[in-house]
Amino acid sequence: MRIAVVGSGYVGLVAAACFAEIGHEVISVDNDVEKIGLLKQGTVPIHEEFLPELLARHRGHRLSFSSDLRQSVRESQAVFIAVGTPSTELGDADLSYVEQVSREVAQAIDEYKIVVEKSTVPVFTSHWIRRVMLLDGADPEHFDVASNPEFLREGTAVCDFLYPDRIVVGADTERCASVLRQIYEPLTSGDYYKREGVIPNVGRVQLPPPIIVTSAKSAELIKHASNAFLATKISFINAVANICEAVGADIKEVCDGIGSDSRIGRRFLNPGVGYGGSCFPKDLKAFSSVARETGYDFRMLQEVMNINAEQRSRFLRKVRSALWTLKGKKLAVLGLAFKGGTDDIRESPAIEIVKSLLKESCEIRAFDPAASERAREALCNDNVTYYRTAYEAADHADALLILTDWPEFAQLDLPRLKAALTYPIVIDGRNLYDPAAMAAAGFIYSSVGRPDVQASIVRQNDKPEKSAIATPGKAQ
Ligand code: UGA
């Protein structure tokens with residue numbers, strides 16, 4: 001198949017590379033001429049596991065880059081729209097980029113093609129795309145519009161694309177559905193997985209993945225409802241974590257207990273500083289707004305958002321209660337990205353927390369394996385210094401805050417960390433450590449939904465004590 005993917009952001013670029021990987025001829029299109037130039041030269045603009053390998057493997061063969069949308073559409077049988085759908089000030093999705101692309105596609109279409117929404121869009125978008133294309137002169141016999149939502153997560157996007165739990169295709173005609181079935185056939189038949197040199201399956205999905213064919217409207221709703229449900233799961237467990245803190249229970253034990261019910265599941269039940277990123281915050285607002293437009297007040301979503309915002313304030317209260325006063329304190333911060341495995345800082349809880357600490361006149365010593373450059377641009381503050389390792393960031397800091405769940409942050413050399421810090425205080429917003437182990441290593445340790453612990457030390461350089469004092473029920 002010849003495919004054009006319009007938009008070379010996280011979703012578009014990964015989709016383009018993966019379509020090439022499963023055997024299609026792909027043109028990745030973007031109106032950012034500079035970006036296209038860099039992609040042609042081999043630059044990989046985002047931090048995403050396996051993406052550099054795929055781009056290197058297919059660039060110049062099955063994958064090309066272009067800023068000429070019309071020509072790319074003419075050369076393709078399927079056009080995927082993966083441009084941004086940011087939030088407007090009112091919280092609904094700004095679909096102006098989708099509209100603009102649809103108009104240009106309409107003007108380029110000269111034979112039957114399918115136009116597929118890949119961006120996260122509200123229900124009825126496929127209807128609107130069809131309408132603007134007809135108004136812009138496209139022959140109704142020359143196109144169908146489909147919705148093919150993407151469920152990839154940043155950081156594991158390539159694996160999520162190639163090893164999906166399911167593929168959802170929202171198509172209102174059989175002709176359109178059959179083109180999409182053909183596109184995904186290398187995955188749904190299992191053929192791709194038998195090839196040599198395939199990207200390894202690091203997930204846990206059953207293969208081959210099922211394809212679910214629905215109406216376009218249902219597919220649009222599946223995407224919004226999936227993200228809203230996952231965000232709800234996170235806020236739910238954060239709320240339960242807050243009760244755990246009040247009564248001295250352990251949220252990990254609670255999560256393992258409820259997550260082992262297969263109807264609930266253990267994934268996305270990790271409490272922390274709240275969800276962030278370019279999807280959940282934006283999609284929750286957009287879904288809420290869609291519901292309102294249909295006449296339904298989806299109040300639960302507002303509460304999910306409230307709990308999420310509160311989770312950051314609660315973390316700041318923990319910092320305050322561990323350090324007493326904040327002015328002038330040197331704080332080591334591990335993690336600036338909105339989650340581990342990515343350099344994306346959009347709606348990052350870590351960035352929000354750092355901003356609040358800067359307002360309290362703290363000095364921030366930050367380390368993130370991938371997101372420092374982006375954070376530097378976003379924060380633009382002389383009171384933040386960026387380091388190359390966690391230990392450098394911790395050097396002479398008054399406390400260490402863990403804000404992003406990078407796997408390497410869970411494997412720090414604890415004696416070395418303790419020696420670097422002025423005071424052995426760790427406030428862990430991602431529950432990366434076992435409280436008892438932290439106490440045994442001589443730390444005063446606070447996390448989310450678990451009792452705070454503190455080794456019975458008051459001075460630096462004391463020998464680590466064997467016993468830890470748990471302080472359950474501490475109100476935050
Ligand atoms: C999310 C969805 O997981 C994808 O399925 C979807 O395709 C994507 O949005 C999208 O709409 O494009 P993503 O935003 O990349 O993916 O990241 P997630 O892994 O879902 O994490 C989102 C936020 O929730 C992060 O801040 C993460 O740290 C937080 N989180 C996640 C928790 O606080 N607890 C958890 O148990 C899981």
Side-chain angles (χ1 to χ4, degrees), residues 7 9-15 46-49 82-87 93 117-122 148-161 163-168 203 205 220 222-241 251-252 255-256 258-259 264-287 304-305 307-309 311-312 315 335-353 371 402-407 409 428-432 448-449:
Y10 278 94
V11 172
L13 194 56
V14 170
I46 50 174
H47 178 93
E48 197 58 62
E49 199 182 13
V83 295
T85 53
S87 284
E117 318 153 349
K118 201 70 169 145
S119 315
T120 304
V121 289
N148 170 220
E150 196 43 65
F151 301 101
L152 52 82
R153 292 159 300 165
E154 288 182 19
T156 54
V158 169
C159 284
D160 290 340
F161 191 102
Y163 297 92
D165 285 321
R166 79 301 204 189
I167 294 160
V168 174
V205 296
E220 289 162 344
I222 287 170
K223 174 65 194 189
H224 260 163
S226 297
N227 275 4
F229 189 84
L230 290 169
T232 303
K233 214 173 165 187
I234 297 168
S235 279
F236 176 84
I237 210 62
N238 278 329
V240 176
I251 189 66
K252 182 171 181 307
C255 287
D256 290 345
I258 60 176
I264 297 173
R266 182 64 178 82
R267 297 174 71 205
F268 275 71
L269 270 188
N270 299 315
V273 284
Y275 60 77
S278 64
C279 304
F280 288 173
K282 166 176 78 76
D283 292 349
L284 269 265
K285 281 191 218 148
F287 197 27
V304 169
M305 294 186 259
I307 293 171
N308 197 52
Q311 213 55 19
R312 296 169 198 194
F315 184 84
L336 297 161
F338 80 96
K339 65 172 187 175
T342 177
D343 59 351
D344 197 341
I345 55 160
R346 285 176 287 177
E347 298 277 337
S348 170
I351 296 287
E352 289 307 312
I353 289 168
I402 303 177
L403 300 183
T404 305
D405 53 349
W406 279 96
F409 294 166
D428 181 356
R430 297 288 190 160
N431 287 4
L432 297 189
V448 182

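Atoms within a ligand are numbered from 1 in the order they appear, just like the ligands themselves.
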Which protein non-hydrogen atom lies closest to atom 10 (C) of ligand 1, naming both residue and atom, and how far is it? C279 SG, 2.9 Å
Residue, atom name and distance, where the atom is the protein heavy atom closest to atom 6 (C) of ligand 1: L152 O, 3.3 Å
Record the part of V273 in heavy-atom contact with ligand 1 below 4.0 Å; permitted values are side chain, backbone, both and neither. neither
Ranked by distance from atom 15 (O) of ligand 1, the top protein heavy atom is E154 N, 2.7 Å
Report the part of K223 (side chain from C-beta onward, or backbone N, CA, C, O) that has a heavy atom under 4.0 Å from ligand 1; answer both or neither where that applies. side chain
Have a look at ligand 1 and work out which part of T342, if any, has a heavy atom under 4.0 Å from it: side chain, backbone, both or neither. neither
Using modelled atom types and a 3.5 Å cut-off, is there a donor and acceptor pairing between side-chain atoms of K118 and backbone atoms of N148? yes
Atoms of ligand 1 under 4.0 Å from any heavy atom of E150, numbered from 1 in the order shown, are 7 (O)
Applying a strict 4.0 Å limit to heavy atoms, is G272 in contact with ligand 1? no
List the closest protein heavy-atom neighbour of atom 36 (O) of ligand 1: residue, atom name, distance to the nearest 0.1 Å. N270 N, 2.9 Å
Show your working on side-chain contact (heavy atoms from CB on, under 4.5 Å) between F409 and D428 and close with a plain yes or no. CA-CA 10 Å; F409 294 166; D428 181 356; over 6 Å; no
Donor-acceptor pair, side chain of R430 and main chain of L403, under 3.5 angstrom: yes
For atom 5 (O) of ligand 1, what's the nearest protein heavy atom and its distance? F151 O, 2.9 Å
With heavy atoms only and a cut-off of under 4.0 Å, state how I234 meets ligand 1: side chain, backbone, both or neither. side chain
Proximity to ligand 1 by part of Y10, non-hydrogen separation under 4.0 Å: neither
Among protein heavy atoms, which lies nearest atom 28 (O) of ligand 1, and at what distance? R430 NH1, 2.7 Å
Shortest protein heavy-atom distance from atom 17 (O) of ligand 1, along with the residue and atom involved: K339 NZ, 3.1 Å
Side-chain touch C255/R266, heavy atoms, less than 4.5 angstrom: yes
Taking V11's backbone N and O only, do any of them form a donor-acceptor pair with E150's side chain (distance below 3.5 Å, no angle check)? no
Quick one: does ligand 1 sit under 4.0 Å from the side chain of H224, the backbone, both or neither, non-hydrogen atoms only? neither
List the closest protein heavy-atom neighbour of atom 24 (O) of ligand 1: residue, atom name, distance to the nearest 0.1 Å. Y275 CB, 3.3 Å
Let me see the working for R166 and F151 under side-chain contact (heavy atoms from CB on, under 4.5 Å), right down to the final yes or no. CA-CA 9 Å; R166 79 301 204 189; F151 301 101; 3.3 Å; yes
Are M305 and Y275 close enough that some pair of their side-chain heavy atoms sits under 4.5 Å apart? yes
State, yes or no, whether a side-chain contact exists between N431 and I251 at a heavy-atom distance under 4.5 Å. yes
